[in-house]
Every structure is written in C-alpha cells, then in structure tokens.
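Counting starts at 1 for both ligands and their atoms, following the listed order.
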Amino acid sequence: MDNCIFCKIIDGAIPSTKVYESDRVIAFLDINPIEKGHMLIVPKQHWKNLAEVKLDTEKEIEVYEELMYIVRVAARAVISTGFAAGANILQCNNACAGQTVDHLHFHVIPRYGSDAVSVPVFTSGAAKYEDGEAAAIAEKLAKAIETIVKEEELL
Ligand code: AMP
Ligand code: ZN
C-alpha cells in the first residue's frame, strides 16, 4: 500500500528494530515505546485493522493464524524468560479508538511491576446500563457475531 508506514517497514524502505520476521509476519520495536521492549506484531498483508481482516483464502487464514500465534509467543517470551513481570496486549481499530497507523498491528507491552503506566487505559464502570439495556445490547451483539460466524463458515 502506498503511503503506509508499516508496508514501507515490511519492504525495508524504512528501518526498524526487528525481533521476528517470516514470510507472513514481522515484529519490531515501537519507535515511541510505552515501556522498554514495547513491540508491534504486524501481518505483512495490508489489512487496515481487525474489522477489515478478510479470511477468504488459505493464504489469508495462514497469515492471520501466524499473526495471532506470534502475539501469544511475544507475550510468552517476555514473561517466561523473566524479561518482564507481565505484559499488556493492545490493538486499536479506527481513529476513534486511537488507531494512528492504518495497518493492522498488535502492541505487546512488557510490564515491570514498578512502572507508572496506568492500566486499565479505560475507566472500568464508566458506562452505565439502563434497566434491560445490557440484555438488549448483548442480543444485538450476539446476532451480529452469529451472522459473521455463519457467513464465514470457518467453524
Ligand atoms: P496505534 O495507535 O495502535 O495505531 O499505534 C501505532 C504505533 O506505531 C504507535 O505506538 C507508534 O509509536 C508506532 N510507530 C509509528 N511509526 C513507527 C515506526 N516507523 N517504527 C516503529 N513504530 C512506529
Ligand atoms: Zn500497510
């Protein structure tokens, strides 16, 4: 994709500090880290974000599976080696949710137990449901999920 900074990193036109690379996935350090070791896990296929991922071909499914696998491996690598005490996974979809680079990526952020990063990023309990609203919303979401699962025929 023209003008996509992560596609340029994938093509080698822009440098990055890589921690993993295969035919399908690349991972590198975030240039503006929330914590030391903050990584971005990125599919080489240009999808804007999770909502835009298409799983129509074998190749797309393989890219997506490896992407999710490496997110898990990166979190596990951080923790199991004792590099950090914990990790947060963050992924933003669309500008209103904080997405600034329009190429799908997962943040894996090591946590050291003594940092000043505040989690949760969002205030839990800030939204309040009216009576019956939670059930109505859950029904809407359940229908949407069911529709996509049926359409995609992957389960
Ligand atoms: P998001 O807000 O989820 O879209 O995050 C985009 C992330 O990409 C930010 O944390 C940026 O610091 C990071 N970023 C932008 N440009 C680069 C770059 N050239 N190399 C590494 N990370 C980058
Ligand atoms: Zn891209």
- prompt: Of V19, L40, I10, which is the lone residue that meets side-chain contact (heavy atoms from CB on, under 4.5 Å) with F28?
  reply: L40

- prompt: For atom 1 (P) of ligand 1, which protein heavy atom lies nearest, and how many Å away is it?
  reply: H105 NE2, 3.1 Å

message: Can you name the atoms of ligand 1, numbered from 1 with element, that are less than 4.0 Å from a heavy atom of L40?
response: 8 (O), 13 (C), 22 (N)

- prompt: How about Y112: does its OH atom have over 12 heavy atoms from other parts shown lying under 6.0 Å from it?
  reply: yes

message: One pair to check against side chain to side chain contact (heavy atoms under 4.5 Å, CB included): L67 and L104. What are the steps and the verdict?
response: CA-CA 10 Å; L67 174 70; L104 175 61; 3.6 Å; yes

message: Looking only at the side chains, is there a donor atom on one of K48 and N93 sitting less than 3.5 Å from an acceptor on the other?
response: no

query: Which part of L90 is near ligand 1, with near meaning a heavy atom under 4.0 Å away: side chain, backbone, both or neither?
result: neither

- prompt: Among I5, N32, D30, which residue places a heavy atom closest to atom 11 (C) of ligand 1?
  reply: D30

- request: Run the contact test for G98 against ligand 1 with a 4.0 Å cut-off on heavy atoms, strictly below, and give the result.
  value: yes

- line: Angle subtended at the Zn ion (ligand 2) by C7 SG and C4 SG, to the nearest 10 degrees, is 120°

query: Hey, is ligand 1 close enough to I31 that some N/O pair sits below 3.5 Å?
result: yes

query: Is a side-chain donor or acceptor of H105 paired with a backbone partner of H103 at a separation under 3.5 angstrom?
result: yes

- prompt: Can you tell me if K44 uses its side chain to pair, donor with acceptor, with the backbone of S22 under 3.5 Å?
  reply: yes

query: Does Q91 reach ligand 1, in the sense of a heavy atom lying below 4.0 Å from it?
result: no

- prompt: What atoms of ligand 1 come within less than 4.0 Å of a heavy atom belonging to H107?
  reply: 1 (P), 3 (O), 5 (O), 7 (C), 10 (O)

- request: Report yes or no: does a heavy atom of I9 sit under 4.0 Å from some atom of ligand 1?
  value: yes

statement: For H103, the N, O or S atom at the shortest distance from the Zn ion (ligand 2) is ND1

- prompt: Should Q99 be counted as touching ligand 1, given the test is an N or O pair under 3.5 Å?
  reply: no

message: Holding to side chain to side chain donor-acceptor pair (under 3.5 Å), I want the full list of residues that pass it with K150, two or more places apart in sequence or in another chain.
response: E146

query: Taking only heavy atoms of L29, which atoms of ligand 1 are found under 4.0 Å from at least one of them?
result: 21 (C)

D23 atom CG, over 12 foreign heavy atoms within 6.0 Å: no

task: Verify the distance criterion only: is there a donor paired with an acceptor across the side chains of D102 and N49 at less than 3.5 Å?
output: no

- line: Atom name of the N, O or S atom of H46 nearest to the Zn ion (ligand 2) is ND1

- prompt: With a cut-off of 4.0 Å, which atoms of ligand 1 are near a heavy atom of C92?
  reply: 3 (O)

message: Quick check on T17 - does any of its heavy atoms sit under 4.0 Å from an atom of ligand 1?
response: no

message: Between ligand 1 and H38, is the shortest N or O to N or O distance under 3.5 Å?
response: no

- request: Name the closest protein heavy atom to atom 4 (O) of ligand 1, giving the residue it belongs to and the distance to 0.1 Å.
  value: T100 N, 2.7 Å

message: Between R24 and P43, is there a side-chain heavy-atom distance shorter than 4.5 Å?
response: no

- line: Going by the 4.0 angstrom heavy-atom rule, the piece of F6 near ligand 1 is side chain

query: Is there a path from Y64 to I70 through hydrophobic residues (I, L, V, M, F, W, Y) whose side chains come within less than 4.5 Å of each other?
result: yes

- prompt: Which residues pass the side-chain contact (heavy atoms from CB on, under 4.5 Å) test with V78, sequence neighbours left out?
  reply: M39, F83, A84, A87, P110

